[in-house]
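First comes the structure, then the notes that go with it.
Just so you know, these numbers come straight off a predicted model, no measurement behind them.
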Amino acid sequence: MKKFYQKYHAFFSYTFFGTLASTINVLLFYLLETKLAFNYLLANCIAYLVALIFTFITNKYLVFNSKHASLSQSFKEFCSFCNVRFFSFLLDIG
């Protein structure tokens, strides 16, 4: 069982943190839109951004164990990550 987990560790971690990010997104949207009366588009943008940052950090350090240490390298990684996620954001807004 240990070999199986080691082999698929990235998959399990990615799935777990992806599910957690989705939960954060939905709950934060609900809180902002329903409880705090934010406009639904603004609430969605804020919730998506928070979930995006959470996903980047967890993927970088806990899923893929990225070794880029400098701030500029991390910023470049974040920009690349955001470019890829921009399409899903458009789908989310739609």
Quick one: pull up [atom1] in [X] and [atom2] in [Y] and give me the separation to the nearest 0.5 Å.
X     : Y     : atom1 : atom2 : answer
Asn65 : Asn59 : CG    : CG    : 11.0 Å
Phe78 : Ile57 : CZ    : CD1   : 8.0 Å
Cys45 : Phe29 : SG    : CZ    : 10.0 Å
Glu33 : Phe38 : CD    : CZ    : 11.0 Å
Leu49 : Asn44 : CG    : CG    : 11.0 Å
Ile46 : Leu28 : CD1   : CG    : 7.5 Å

CA sep, side-chain torsions, deciding dist, call: Ser13, Leu62, side-chain contact (heavy atoms from CB on, under 4.5 Å): CA-CA 7 Å; Ser13 295; Leu62 302 175; over 6 Å; no
[X] vs [Y] side-chain heavy atoms within contact, under 4.5 Å:
X     : Y     : answer
Val50 : Ile24 : yes
Leu20 : Phe54 : yes
Phe16 : Val63 : no

What pair of heavy atoms forms the shortest contact from [X] to [Y], and how long is it?
X     : Y     : result
Ala21 : Ala51 : O-CB, 3.6 Å
Lys60 : Ser74 : CE-OG, 3.4 Å
Arg85 : Thr55 : NH2-CG2, 3.5 Å

Aromatic plane relationship, Tyr14 with Phe64 - under 30° parallel, 30 to 60° tilted, over 60° perpendicular: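 Phe64 vs Tyr14 ring planes: tilted.
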Geometric class of the Phe12/Tyr8 ring pair [parallel <30°, tilted 30-60°, perpendicular >60°]: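 Perpendicular, since the angle between the ring planes exceeds 60°.
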CG/Leu71: more than 12 non-hydrogen atoms of other groups inside 6.0 Å: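 No, the 6.0 Å shell around CG holds no more than 12 heavy atoms from other groups.
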From Phe17, Phe81, Tyr61, residue fulfilling ring-ring contact (aromatic ring centres under 6.0 Å, His included) relative to Phe56: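 When ring-ring contact (aromatic ring centres under 6.0 Å, His included) is applied between Phe56 and each of Phe17, Phe81, Tyr61, only Phe81 qualifies.
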Cluster check Leu32, Leu27: I/L/V/M/F/W/Y, side chain < 4.5 angstrom: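 Different hydrophobic clusters.
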ILVMFWY cluster, Leu91 and Leu41 together (side-chain gap under 4.5 Å):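 Leu91 and Leu41: separate clusters.
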